[in-house]
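Residue numbers count from 1 along this sequence.
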Amino acid sequence: MRLLLDTHLLLWAAGQPELLSEAARDLLEDPANELLFSAASLWEIAIKRALGRDDLRVEPRVLRRSLLDNGYGEIPVTSAHAVAIDGLAPIHRDPFDQILLAQALAEGVMLVTADRALARYPGPIRKV
């Protein structure tokens, strides 16, 4: 299965794996799953890091390199993803989470998240 990890799961997998649920660890460790990250997650980290967020101290360039070195695939943000947001219900107002959901819908992949609000959307979302 192709799995797009949301930003928090990426950060936890890369630097704080003890924060991952057992369900998340099972998905990440299953060799049958293709793990993906979005350019939007790195954009979110870069923006929030620049704003001084204490929970986002990771260097986005280092995280990207680490993800690629560990076999993660990268999904760029395209105009198709941007316009797919237009059809989303206003359940979750975070623009980074909205683009991740739009990418999952457009690319036919499963979005994996620990975010309860995001998981309320219909579609290819798995809360772990």
Which atom names give the shortest non-hydrogen contact between [X] and [Y], and what distance separates them?
X	Y	result
Q103	S38	OE1-OG, 2.6 Å
A39	E74	CB-OE2, 4.1 Å
H81	P76	CE1-O, 3.1 Å
W12	A114	CZ3-CB, 3.8 Å
A84	A102	CB-CB, 3.8 Å
L100	L4	O-CD2, 3.6 Å

Problem - Whether over 12 other heavy atoms sit under 6.0 Å from D69 CG - result: yes
Exercise for the section: Decide yes or no on side-chain contact (heavy atoms from CB on, under 4.5 Å) for L101 and Q98, but give the supporting numbers first. Expected result: CA-CA 5 Å; L101 177 56; Q98 289 178 340; 5.8 Å; no
Practice task
Decide side-chain contact (heavy atoms from CB on, under 4.5 Å) for L35 and N70; before the verdict, give the C-alpha distance in whole Å, the side-chain angles of both, and the deciding distance to 0.1 Å.
Solution key: CA-CA 10 Å; L35 304 178; N70 283 287; over 6 Å; no
Exercise for the section: Not counting sequence neighbours, which residues clear ring pair (Phe, Tyr, Trp, His ring centres under 6.0 Å) with H92? List them please. Expected result: none
Completion exercise
Between L9 and the options L3, L111, L27, L20, the side-chain contact (heavy atoms from CB on, under 4.5 Å) test singles out L20
When rounded to the nearest 0.5 angstrom, what is the spacing between [atom1] in [X] and [atom2] in [Y]?
X	Y	atom1	atom2	value
R93	L88	CZ	CG	12.0 Å
R116	T113	CZ	OG1	11.0 Å
R2	E34	CZ	CD	5.0 Å
T7	F37	OG1	CZ	11.0 Å
R126	D6	CZ	CG	14.0 Å

Given the rule that I, L, V, M, F, W and Y join up when any side-chain heavy atoms are under 4.5 Å apart, are [X] and [Y] in one cluster?
X	Y	answer
I91	I125	yes
L10	L28	yes
F96	V77	no
L67	I75	no
Y121	L36	yes

Exercise for the section: Give every residue pair that meets the side chain to side chain donor-acceptor pair (under 3.5 Å) criterion with at least one member in residues 13-22, sequence neighbours excluded. Expected result: none
Problem - I99 and W43: CA distance, side-chain angles, deciding distance, side-chain contact (heavy atoms from CB on, under 4.5 Å) verdict - result: CA-CA 11 Å; I99 197 72; W43 179 32; 5.8 Å; no
Practice task
Would you sort out whether I45 and L63 count as a side-chain contact (heavy atoms from CB on, under 4.5 Å), showing the intermediate values?
Solution key: CA-CA 10 Å; I45 292 165; L63 177 59; 3.5 Å; yes
Practice task
Give a yes or no on whether a salt bridge exists between R49 and E59, defined as a side-chain N under 4.0 angstrom from a carboxylate O.
Solution key: yes
Problem - Side-chain heavy atoms of L105 within contact of P124, under 4.5 Å - result: yes
